[in-house]
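Everything below concerns the one structure shown next.
These numbers were taken from a predicted model, which means no experiment stands behind them.
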Amino acid sequence: MLLMPKKVKYRKAQKGKVRGIATSGNKLHFGEYGVKALENGLIRANHLEACRVAVARKMKGAGKFWINTFPYKPVTKKPAETRMGKGKGDLDHWASPVSRGKVIFEMSGVPEDFAREVFRLLAFKLPLRTRFITRSGG
C-alpha cells in the first residue's frame with residue numbers, strides 16, 4: 001500500500017525546487033541509528049514502500065523502524081507522444097521533497113553492524129546518496 005495523503009486542497013501542485021540544507025529533521029528523534037540524505041531531491045512513494053518492505057523482510061520483527069518523511073507533493077505527467085499545450089498533465093505519483101541533511105529513516109533495538117547492513121540495502125532503493133548516522137555521532 002503506497003503512502004499518499006487522504007485528502008488534499010489542490011489536486012495539482014507547482015513543481016518548485018528542492019534547495020538548501022534541512023534545518024529541522026536533521027537529527028535523530030526516535031531511534032539509535034538513521035539514514036541521512038546527502039543530496040536534495042524527491043523521494044517517490046514507491047521508493048519509501050520498497051524500503052519499508054526490504055526492512056520488514058531483513059529485520060524479521062526485531063527492533064523498531066521509523067519513516068520520517070511523507071509523500072505529500074503531487075507530481076503530474078503528460079502522456080508519451082503528446083503535443084505541447086492542452087493544459088497540465090494528470091497526477092502520476094506522490095513524492096516527498098527531501099533536503100540534504102534530513103534524516104529519512106531511523107531504527108533502534110538492533111546491533112549497529114546489523115543496522116548498517118539493513119541501511120546499506122535501503123540505500124540501493126533510494127534515488128539520493130545517503131549516510132549512516134548514529135546517536136553517538138556520525
| If you look only at pairs with a residue in residues 108-130, which of them pass as a salt bridge (Lys or Arg N to Asp or Glu O under 4.0 Å), with sequence neighbours excluded? |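 Those involving residues 108-130 are E39-R129, E112-R116, E117-R120.
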| Which pairs count as salt bridge (Lys or Arg N to Asp or Glu O under 4.0 Å) when at least one residue sits in residues 67-81, sequence neighbours excluded? | none
Do [X] and [Y] belong together in a cluster built from hydrophobic side chains that touch within less than 4.5 Å?
X    : Y    : result
L42  : L48  : no
V110 : F132 : yes
L3   : F105 : yes

Which heavy atom in [X] sits nearest to a heavy atom in [Y], and how many Å separate them?
X    : Y    : result
C51  : L126 : SG-CD2, 3.8 Å
G20  : N40  : O-OD1, 3.1 Å
L128 : G41  : CD2-CA, 3.8 Å
I133 : V35  : CG1-N, 4.4 Å
L38  : T130 : CD1-O, 3.7 Å

| Can you list every pair that meets side chain to side chain donor-acceptor pair (under 3.5 Å) and has a residue in residues 47-65, with sequence neighbours left out? |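 Those involving residues 47-65 are E49-R52.
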Please tabulate, for side-chain N and O atoms in residues 23-32, each donor-acceptor pair with protein atoms closer than 3.5 Å (sequence neighbours left out).
from	atom 1	to	atom 2	distance (Å)
N26	ND2	A22	O	3.1
N26	ND2	T23	O	3.4
E32	OE2	G109	N	3.2

| request: Please work out whether the ring planes of F65 and F119 are parallel, tilted or perpendicular, with thresholds of 30° and 60°. | output: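 Ring orientation of F65 relative to F119: tilted.
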Let me have the donor-acceptor pairs involving side chains of residues 83-98, under 3.5 Å, with sequence neighbours excluded, atom names and distances please.
from	atom 1	to	atom 2	distance (Å)
K88	NZ	A13	O	2.7
H93	ND1	R44	NH2	3.2
H93	NE2	R44	NE	3.3
S96	OG	T69	OG1	2.3

| Steps toward side chain to side chain contact (heavy atoms under 4.5 Å, CB included) verdict (F114, M59) | CA-CA 9 Å; F114 182 72; M59 289 175 71; 3.8 Å; yes
| P71 side chain reached by I43 side chain, heavy atoms, under 4.5 Å |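 Heavy-atom side-chain distance check fails, nothing below 4.5 Å.
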| With a 4.5 Å heavy-atom cut-off, do W66 and S108 have their side chains touching? |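 Yes, at least one pair of side-chain atoms sits under 4.5 Å.
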| query | Could you state the interatomic distance from CD1 (I104) to CG (L122), rounded to the nearest 0.5 Å? | reply | 9.5 Å
| request: Just jot down the ring-ring contact (aromatic ring centres under 6.0 Å, His included) partners of F70, sequence neighbours excluded, or say none. | output: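 Residues passing ring-ring contact (aromatic ring centres under 6.0 Å, His included) with F70: none at all.
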